[in-house]
Q: 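Pasting a structure here, questions to come.
So that the names make sense, note that chain A is the first sequence line, chain B the second, and so on, each numbered from 1. Just the heavy atoms: all of them, side chains too, but no hydrogens, waters or symmetry mates, feed the values below. Bear in mind that the values here come from a model prediction, so they are computed numbers and not experimental data.
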Amino acid sequence: ETGVTQSPTHLIKTRGQQVTLRCSSQSGHNTVSWYQQALGQGPQFIFQYYREEENGRGNFPPRFSGLQFPNYSSELNVNALELDDSALYLCASSQYTGETQYFGPGTRLLVL
Amino acid sequence: SQQGEEDPQALSIQEGENATMNCSYKTSINNLQWYRQNSGRGLVHLILIRSNEREKHSGRLRVTLDTSKKSSSLLITASRAADTASYFCAGSGNTPLVFGKGTRLSVIA
């Protein structure tokens, strides 16, 4: 176990709804990254937060947004859900950008 | 971006055999990382090799890095059924990791 937790584990939403996914980082880690993994694909980088500031963003629209809190836990918010947003969402924490990342078990989102 | 691209896409071997997976990336990196993912679960870090290293070992894992060819390989020796998983590489510079589609390894008992 990595010490990174995510909630919820599974979620079903309908198109157009909004969703918030949560991640608790491993102790001592001030960097958190979020990834989207579609079935059969590798994880796609959404964005990264370092000490509560966004520190890089992948090719995702603005309806994907995030927050990092003073305790370094994090949220991923997705507005106006689309069917293609159905995926496994992974968060990963690390002590430094670019170093080993420790992944949580993921949240599986299904959009109907 | 320092994208990782794994090859082959799928690999099936018998228990006890060695498995070799390859990875290519596009730009300069500070390190290259390998991860394993069991079906539908989070990724588990296996090994990190820095750009000034050429080879690294960890248990049954052996990783090589050739920065001139922008490539890396992961060797798993004496494979076990429990090694069945998807394996991903990702190069890292000063930007976040970018993963390829992975190699799906099946180890048959």
Q: Given that the side chain runs from C-beta out, which part of B:L48 has a heavy atom under 4.5 Å from chain A: side chain, backbone, both or neither?
A: side chain
Q: Does any backbone or side-chain atom of A:Y35 lie under 4.5 Å from a heavy atom of chain B? Answer side chain, backbone, both or neither.
A: side chain
Q: Given heavy-atom pairs under 4.5 angstrom as the criterion, report whether the side chain, backbone, both or neither of A:Q6 touches chain B.
A: neither
Q: Are A:V4 and A:L76 linked, directly or through intermediate hydrophobic residues, by side-chain heavy-atom contacts shorter than 4.5 Å (ILVMFWY only)?
A: no
Q: Are B:I13 and B:Y87 joined in one hydrophobic group, where the rule is that I, L, V, M, F, W and Y side chains link up if heavy atoms are under 4.5 Å apart?
A: yes
Q: Using the rule that two of Ile, Leu, Val, Met, Phe, Trp, Tyr join whenever any of their side-chain heavy atoms come within less than 4.5 Å, decide whether B:L43 and A:I46 are in one cluster.
A: no
Q: Does atom CD of B:Q9 have more than 12 heavy-atom neighbours, drawn from other residues, nucleotides or ligands, at distances under 6.0 Å?
A: no
Q: Mind checking what makes ring pair (Phe, Tyr, Trp, His ring centres under 6.0 Å) contact with B:Y35, not counting sequence neighbours?
A: A:F103, B:H45, B:F99
Q: Around atom CG of A:L39, are there more than 12 heavy atoms from other residues, nucleotides or ligands closer than 6.0 Å?
A: no
Q: Is it the side chain or the backbone of B:Q37 that comes within 4.5 Å of chain A heavy atoms, both, or neither?
A: side chain
Q: Distance check, rounded to the nearest 0.5 Å: A:E99 atom CD versus B:N30 atom CG?
A: 8.0 Å
Q: Relative to chain B, which of A:S94, A:G42, A:G40, A:G58 shows the most heavy atom pairs under 4.5 Å?
A: A:G42
Q: When you look at CD of A:E53, are more than 12 heavy atoms from neighbouring residues, nucleotides or ligands closer to it than 6.0 Å?
A: no
Q: Over all heavy atoms of both residues, which pair between B:G42 and A:L90 is shortest? Give the atoms and the distance, please.
A: CA-CD2, 3.8 Å
Q: Are there residues of residues 51-83 of chain B whose heavy atoms fall under 4.5 Å of chain A's heavy atoms? If so, which?
A: none
Q: Which atoms form the tightest heavy-atom contact between A:L88 and B:R41, and what is the distance?
A: CD2-O, 4.0 Å
Q: Please determine whether the number of non-hydrogen atoms from other residues, nucleotides or ligands lying under 6.0 Å from atom NZ of A:K13 exceeds 12.
A: yes
Q: Report yes or no: do A:F60 and A:F45 belong to one cluster of Ile/Leu/Val/Met/Phe/Trp/Tyr joined by side chain heavy-atom distances under 4.5 Å?
A: no
Q: Does A:N71, at its CG atom, have more than 12 non-hydrogen atoms belonging to other residues, nucleotides or ligands within less than 6.0 Å?
A: yes
